[in-house]
Structures are given as C-alpha cells and as structure tokens.
Amino acid sequence: MKITLNGEMRDVGDGTTVAGLLKDLGFQTEGVVVEINGTIIDRTRFEDTKFSEGDRVELVRFVGGG
Amino acid sequence: MVHLTEEQRIRYARNIRIPGIGEVGQAKLRESRVAVVGLGGLGSPLCLYLAAAGIGTLGLIDADVVELSNLQRQVLHATSRIGKKKTESAAEVLQALNPEVNLVLVDRRVTAETAEGILENYDVVAEATDNFESKFLINDVCLRMKKPFATAGILGLSGQAQFVVPGKTPCLRCLFPQVPRGTPTTAELGVLGAVPGILGSLEALEIIRWVVGLWQPREDGSGRLHGVDGVSMSLRTLTVRRRPDCGCAAIR
C-alpha cells in the first residue's frame with residue numbers, strides 16, 4: 001500500500017506499524033516525532049499504530065547536538 | 001516613547017521597514033534581554049543575528065574554550081582564537097559587529113544548581129547546548145520561571161527547532177516525556193556546519209518575531225516543530241500539541 005512520507009510516495013506492506021517503518025528506515029524510535037494525517041502519534045502507540053492506504057506521514061528526527 | 005538616534009535609524013533601516021516591526025519593534029529589540037546558552041554551532045548564527053538585529057542585552061553563556069575541531073561549524077570563532085574562552089571569542093566579534101549591544105559574559109556551566117541564577121535576568125532564552133540533558137534542563141527551568149525559549153538540535157545532516165511559550169505552547173516534554181537515551185552525538189556521527197547555520201538562524205528568527213510582537217501563541221495551545229533533513233533535502237513543519245498529562249499542563 002502507498003503512503004506519503006515527508007511529501008514522497010512510499011510503498012509499505014499491509015499491517016506496517018509506525019515502529020516497523022522506523023525500523024525499516026534505520027531510525028531509533030527514541031528520537032523521532034511522527035505525525036499521521038495531521039495528528040502527532042503518542043510514542044507509547046508506535047508499536048500498535050498501523051498505516052492505512054493514502055496516509056500522509058510526517059517524520060521529524062529529534063536530535064541533541066548543538 | 002520611541003526614540004531612535006539618527007545612527008540607529010540608518011543601522012536598523014531594513015528592520016524598521018518590515019511591516020510589523022517599525023521603530024516600535026526596533027525599540028522593543030533594544031529593550032530586550034536574551035540569554036544564549038551555548039556558543040557553538042547553533043549559538044554562532046544565533047548570536048550574530050541577534051546582535052546584528054539590535055537586541056539590547058545579550059547573555060553569552062559557555063564554559064568551554066575554542067578548539068580547532070569546532071571551527072568547521074562554529075563560525076563565530078576563529079583560528080586565531082583557539083584556546084581562548086568562547087565567551088571572550090564571541091564578545092570580540094559581536095562587539096565589533098554592533099557596539100550598541102550590551103554583552104554579558106558568563107563563563108559557567110548551566111546546571112540544575114546554577115540555571116535559575118544565570119537565567120533570571122533575561123526575558124527570553126536561546127537554548128543552543130550540545131546535549132539532550134542540557135536541553136531538557138533548560139526546558140524545565142524555563143517552564144518553572146515562565147520564560148519563553150527557543151530550542152533546537154542538530155546531528156549529521158538533520159536538525160529540529162521549536163519555540164516554547166510556557167503555559168501556551170507545547171514544551172519538549174510534551175513530545176518526549178523522558179530525555180531520549182542512547183542517541184549518538186556530533187562527535188560520533190559528525191555534523192555539517194550549514195545545518196546548525198539553518199537551525200540557529202531559525203532560533204534567532206523565532207526570538208526576534210516574539211520580542212517585536214509579530215507573533216502570538218495560538219489560542220488552541222498548538223505549536224510548531226520544524227525539521228530539516230539534509231539527506232532528502234526536505235524542510236517539514238509539524239503542528240504539535242500540549243500533552244494534557246505533561247508537567248507543563250499546570251502552567252497558566
């Protein structure tokens with residue numbers, strides 16, 4: 001199924017969760033903010049939040065350097 | 001009563017021409033006191049743009065000295081000043097850039113014990129430290145003292161920035177209740193100088209638009225998280241909300 005990730009189309013498998021996508025991208029779930037269709041996803045819900053066809057997903061890595 | 005000298009009218013002519021700033025906004029900048037915590041990659045553009053814009057008092061807070069490995073990103077400093085205190089190195093440049101700005105040099109670390117004393121005399125805080133622990137400490141202290149603050153982080157080719165008005169917009173802990181652990185540092189993963197160049201400039205812009213009153217927090221308590229990803233070359237802005245069970249929820 002197709003989702004839009006930071007403005008670009010991306011294919012993900014049915015049933016893919018937020019945690020699964022972050023793992024595929026090689027991101028640590030610790031330091032990412034995820035928004036789906038305009039709503040920020042609570043970090044405790046990353047494991048059980050699944051994407052739906054056409055979801056608009058925004059992802060911002062949260063980093064600590066200065 | 002707004003009173004700018006003829007020299008100030010020339011120096012700040014391009015500020016004053018901006019709708020929503022004008023001479024009134026320029027006077028507000030001159031009356032404002034901003035603390036910059038960290039004179040590194042983020043702190044460099046921050047200090048330069050805040051001083052150039054005519055902020056009245058700039059607190060320069062850092063306990064480190066300039067090192068050779070700083071200079072690919074910390075453009076406030078110079079090869080000739082390696083070994084010098086960052087506060088003094090910064091002051092040299094900022095004084096030359098704009099002699100009108102009152103610089104306060106604080107050669108101390110901001111810790112749980114020192115933070116309130118160091119920050120109490122400022123209206124706004126610019127967080128530009130190089131680790132999560134300090135960022136969250138400044139978040140917590142500013143919330144307690146009800147001081148608006150800009151905060152940002154950088155690593156590799158990416159970074160993020162946020163402006164927090166205590167009691168009005170989401171704080172760092174609304175997004176991350178706990179300090180993120182096990183995340184790599186710039187010493188491990190590197191960072192390209194242009195990245196803090198963007199994020200530090202974003203922080204300066206957030207502070208200036210707050211000080212002159214170009215912007216007010218939204219009634220619905222939402223805020224914005226800006227993300228820059230230099231790999232995909234994308235700039236994203238997320239609308240973030242206050243978490244009802246966050247420690248900041250009780251602040252009015």
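Reminder, nothing fancy here: chain letters follow the sequence lines and each chain counts from 1. None of the values given here were measured: they were computed from a predicted structure.
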Selection from B:P180, B:G40, B:G159 maximising heavy-atom pairs under 4.5 Å formed with chain A: B:P180
With a 6.0 Å cut-off (strictly less than), is the heavy-atom count around NZ of B:K168, excluding the residue itself, greater than 12? no
To the nearest 0.5 Å, how far apart are CZ in B:R241 and CD in A:E35? 9.5 Å
Name the region of B:L235, side chain, backbone, both or neither, that has any atom closer than 4.5 Å to a heavy atom of chain A. neither
Within 6.0 Å of CD in B:E88, more than 12 heavy atoms from elsewhere: yes
Quick one: are A:E58 and B:S234 in side-chain contact, heavy atoms under 4.5 Å? no
Please report the shortest heavy-atom distance between A:R43 and B:P177, naming the atom on each side. CD-CD, 4.1 Å
Taking atom NZ of B:K85 as the centre, does the number of heavy atoms from other residues, nucleotides or ligands within less than 6.0 Å exceed 12? no
What closest approach, in Å, do A:G65 and B:K135 show between heavy atoms, and which atom pair accounts for it? O-NZ, 3.4 Å
Name the orientation class of the two ring planes belonging to A:F62 and B:F132 (parallel below 30°, tilted from 30 to 60°, perpendicular beyond 60°). parallel
From the list B:T185, B:L225, B:V228, the residue making the most non-hydrogen contacts under 4.5 Å with chain A is B:L225
Tell me which of these, B:T239, B:T186, B:L238, has more heavy-atom pairs under 4.5 Å with chain A than the rest. B:L238
With a 6.0 Å cut-off (strictly less than), is the heavy-atom count around CD of A:E8, excluding the residue itself, greater than 12? no
Closest contact, heavy atoms only, B:F176 versus A:V33: CE1-CG2, 3.6 Å
If you take all heavy atoms of B:Q160 and A:V63, which pair is closest and at what distance? OE1-N, 2.8 Å
Distance, nearest 0.5 Å, that separates SG of B:C174 from CD1 of A:I40: 11.0 Å
Chain B shares the most heavy-atom pairs under 4.5 Å, among A:G64, A:G7, A:G38, with A:G64
Starting at CZ of A:R61, measure out to CG of B:L155 and round the result to the nearest 0.5 Å. 7.0 Å
Report which part of B:R181 has an atom under 4.5 Å of a heavy atom belonging to chain A: side chain, backbone, both, or neither. both
Segment of B:T129 engaging chain A (4.5 angstrom heavy-atom cut-off): backbone
Does OH belonging to B:Y49 count more than 12 external heavy atoms closer than 6.0 Å? no
Can you tell which part of A:E30 gets under 4.5 Å to a heavy atom of chain B, answering side chain, backbone, both or neither? both
Relative to chain A, which segment of B:V191 carries a heavy atom at a distance below 4.5 Å: side chain, backbone, both, or neither? neither
So which heavy atom on B:R236 is nearest to which on A:N6, and how close? NH1-O, 3.2 Å
Are there over 12 heavy-atom neighbours, none belonging to B:R33, within less than 6.0 Å of that residue's CZ? yes
